[in-house]
Amino acid sequence: MTITLRPETEARLHAVAQREGQDMDTLVNQLLEEVLDLPGLSSIDDTEALREGLEAMETGRERPFDEFMADHRARNPGI
């Protein structure tokens, strides 16, 4: 993979890598891993999961929880 950085960003990365005694690849990988673990990014995964769930309901593979529970209660009135 190739990523094109703005010159000022690359200069900052070089400075941090030198200061930390790391090579650029290690530093960039570490930084990207930290960013990808940030809580806000999980909303991307959540959005995708919601989209998949809605699609599953539309195609009949899944149904809303309330509908499931109403059906369950109707079949099992004493529970």
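Small disclaimer: the values here were computed from a predicted structure and weren't measured.
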>> Minimum heavy-atom separation for Pro77 and Ala74, please, with both atom names.
In response: CD-O, 4.0 Å
> Taking only residues two or more places apart in sequence or in another chain, which ones pass salt bridge (Lys or Arg N to Asp or Glu O under 4.0 Å) with Glu55?
Replying inline: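 With neighbours one apart ignored, the set is Arg51, Arg61.
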> Sequence neighbours excluded, which residues qualify as salt bridge (Lys or Arg N to Asp or Glu O under 4.0 Å) partners of Glu34?
Replying inline: none
>> Just to verify, what does Glu8 make a side chain to side chain donor-acceptor pair (under 3.5 Å) with, not counting sequence neighbours?
In response: Arg6
> Mind checking what makes side chain to side chain donor-acceptor pair (under 3.5 Å) contact with Asp23, not counting sequence neighbours?
Replying inline: Thr26
In a table with atom names and distances, give each donor-acceptor pair under 3.5 Å that connects a side chain of residues 9-19 to protein atoms at least two apart or in another chain.
none

>> With rounding to the nearest 0.5 angstrom, report the CE to CG distance, Met24 to Asn29.
In response: 11.0 Å
